[in-house]
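Have a look at the structure below before the remarks.
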Amino acid sequence: MTEKEKMIAGELYDASDPELVADVLAACRWMDRYDVSRSLGMAERLSLLREQLGSVGDGVTIRPPFRIDYGYNITVGDDVFINFGCIILDVCAVTIGAKTQIGPGVQILAADHPRDPAVRAQMVEYGRPVTIGANVWIGGGAILLPGVTIGDDALIGAGAVVARDVAPGATVVGNPARMLNPTGTARSDTDR
């Protein structure tokens with residue numbers, strides 16, 4: 001298996017592999033072009049997105065600046081809106097469902113690192129896919145950690161740090177993100 005194949009599969013890989021370094025440089029060149037696309041029409045920006053991202057639906061708006069690791073592991077459904085300053089570390093699959101809205105400064109992090117310091121010292125890393133369902137609203141500054149799945153129609157509060165899966169239709173807030181009770185107060189782990 002190549003290092004790129006290992007990366008996409010979520011296995012330990014060496015990010016300094018020449019093929020991956022070349023892919024990062026290509027993504028950097030693309031980001032330079034995308035970041036100056038603010039004055040272009042929607043069709044032209046959509047065309048730019050489709051050059052670099054794995055799959056981009058119709059009616060997608062991503063406001064620059066927009067940061068990615070590679071881009072080719074990102075799938076974006078129809079009518080998605082992503083506001084300024086989004087960061088997506090897409091070392092493996094990142095999927096964003098149709099009609100999802102993502103606030104400014106959101107970080108979607110599929111990249112992860114070994115917990116064992118001896119393994120981490122070998123300068124290897126891995127990824128865990130992030131999946132965001134349809135019609136999700138993610139508030140500004142939220143952080144989605146590696147391996148989380150956000151169900152359809154969920155709401156992620158501004159500044160939330162999401163370390164666990166979020167059920168469809170649920171609202172989570174805080175750090176770490178906790179589900180809100182019907183009364184609008186955050187539930188603790190003992191409430192579950």
Side-chain angles (χ1 to χ4, degrees), residues 3-5 7-8 15-112 125 127-146 148-162 166:
E3 296 302 307
K4 183 174 181 174
E5 290 168 336
M7 177 187 78
I8 292 170
S16 67
D17 175 73
E19 180 181 19
L20 292 176
V21 170
D23 286 353
V24 166
L25 289 173
C28 287
R29 285 191 287 278
W30 177 85
M31 285 183 283
D32 288 344
R33 289 175 47 225
Y34 195 75
D35 282 352
V36 296
S37 72
R38 284 174 249 210
S39 62
L40 297 178
M42 186 173 172
E44 292 167 298
R45 289 203 7 228
L46 192 57
S47 179
L48 270 173
L49 288 169
R50 287 179 172 153
E51 281 181 27
Q52 190 66 30
L53 304 188
S55 176
V56 178
D58 292 329
V60 170
T61 298
I62 300 178
R63 289 179 160 177
F66 176 50
R67 299 289 175 261
I68 58 175
D69 268 335
Y70 301 95
Y72 49 68
N73 292 316
I74 300 171
T75 299
V76 182
D78 291 341
D79 301 314
V80 166
F81 175 82
I82 300 176
N83 216 325
F84 302 108
C86 183
I87 297 170
I88 302 179
L89 302 186
D90 66 303
V91 301
C92 59
V94 172
T95 304
I96 302 170
K99 298 187 185 303
T100 287
Q101 298 179 51
I102 298 177
V106 169
Q107 298 179 43
I108 302 169
L109 312 175
D112 209 341
E125 54 190 73
R128 293 186 288 147
V130 174
T131 303
I132 302 167
N135 197 39
V136 172
W137 178 22
I138 302 174
I143 300 172
L144 279 56
L145 296 179
V148 299
T149 295
I150 311 299
D152 293 348
D153 303 314
L155 189 149
I156 310 301
V161 177
V162 182
V166 176

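Worth knowing before you read on, the calculation uses all heavy atoms, side chains too, and leaves out hydrogens, waters and symmetry mates.
- Put simply, the side chain of Leu49 reaches to within 4.5 Å of the side chain of Val60, judged on heavy atoms.
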Report task. Kindly indicate, with the supporting measurements, whether the criterion side-chain contact (heavy atoms from CB on, under 4.5 Å) is fulfilled by Ile96 and Val136. Result -> CA-CA 9 Å; Ile96 302 170; Val136 172; over 6 Å; no

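- Minimum heavy-atom separation, Pro146 to Ala110: CB-O, 3.8 Å.
- The shortest distance between side-chain heavy atoms of Val162 and Leu145 does not fall below 4.5 Å.
- Side-chain contact between Ile88 and Asn73 is absent, with no heavy-atom pair separated by less than 4.5 Å.
- Residues Met42 and Thr61 have side chains in contact (heavy-atom distance under 4.5 Å, counting atoms from C-beta outward).
- Distance CD1/Ile108 to SG/Cys86: 4.5 Å, rounded to 0.5 Å.
- The distance from the NZ atom of Lys99 to the CG atom of Asp78 is 7.5 Å, given to the nearest 0.5 Å.
- Atom SG of Cys28 sits about 13.5 Å away from atom CZ of Arg33, to the nearest 0.5 Å.
- For NZ of Lys4, the number of neighbouring non-hydrogen atoms (other residues, nucleotides, ligands) closer than 6.0 Å is greater than 12.
- The two residues Ala142 and Ile156 make their nearest non-hydrogen contact at CB-CG2, 4.0 Å.
- Although no hydrogens or angles enter the test, the distance criterion places a donor-acceptor pair under 3.5 Å between the side chain of Arg50 and the main chain of Gly57.
- Looking at heavy atoms from C-beta onward, Leu144 lies out of side-chain contact with Leu109 at the 4.5 angstrom threshold.
- Across every non-hydrogen atom of Ile8 and Cys92, the tightest pair is O-CB, 3.7 Å.
- Contacts of Phe66 classified as ring-ring contact (aromatic ring centres under 6.0 Å, His included), with partners at least two apart in sequence or in another chain: none.
- With rounding to the nearest 0.5 angstrom, the CD1 atom of Ile150 is 15.0 Å from the CH2 atom of Trp137.
- Closest non-hydrogen pair, Asp69 versus Ala27, comes out as O-CB, 3.4 Å.
- Under the 4.0 Å criterion applied to side-chain N and carboxylate O atoms, Arg67 and Asp35 are assigned as salt-bridge partners.
- Arg45 and Pro64 make their closest contact through NH2-CD, 3.4 Å (heavy atoms, listed as atom of the first residue, atom of the second, distance).
- For Glu3, the salt bridge (Lys or Arg N to Asp or Glu O under 4.0 Å) criterion is met by Lys6, not counting sequence neighbours.
- In this structure a side-chain-to-backbone donor-acceptor pair under 3.5 Å is present from Thr100 to Gly133.
- The side-chain heavy atoms of Leu20 and Ser16, taken from C-beta on, include no pair separated by under 4.5 Å.
- Using a 4.5 Å cut-off on side-chain heavy atoms (C-beta onward), Met7 and Tyr70 make contact.
- There is no side-chain donor-acceptor pair under 3.5 Å between Asn135 and Asp152.
- Salt-bridge formation is not detected for the pair Asp90/Arg128: no Lys NZ or Arg NE/NH1/NH2 atom is positioned less than 4.0 Å from an Asp or Glu carboxylate oxygen.
- For the side chain to side chain contact (heavy atoms under 4.5 Å, CB included) criterion with Ile132, the lone passing option out of Ile138, Val148, Thr95 is Ile138.
- Looking at heavy atoms from C-beta onward, Trp30 lies in side-chain contact with Ile68 at the 4.5 angstrom threshold.
- If you take CZ on Phe84 and CZ on Arg63, they are separated by 4.0 Å, rounding to the nearest 0.5 Å.
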Query - Pair Val166-Leu155, side-chain contact (heavy atoms from CB on, under 4.5 Å): steps then yes or no - result: CA-CA 9 Å; Val166 176; Leu155 189 149; over 6 Å; no

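- Between the side chains of Asp23 and Tyr72, at least one donor N or O sits under 3.5 Å from an acceptor N or O.
- The two residues Leu48 and Ser37 have their closest heavy-atom pair at CD1-CB, 3.8 Å.
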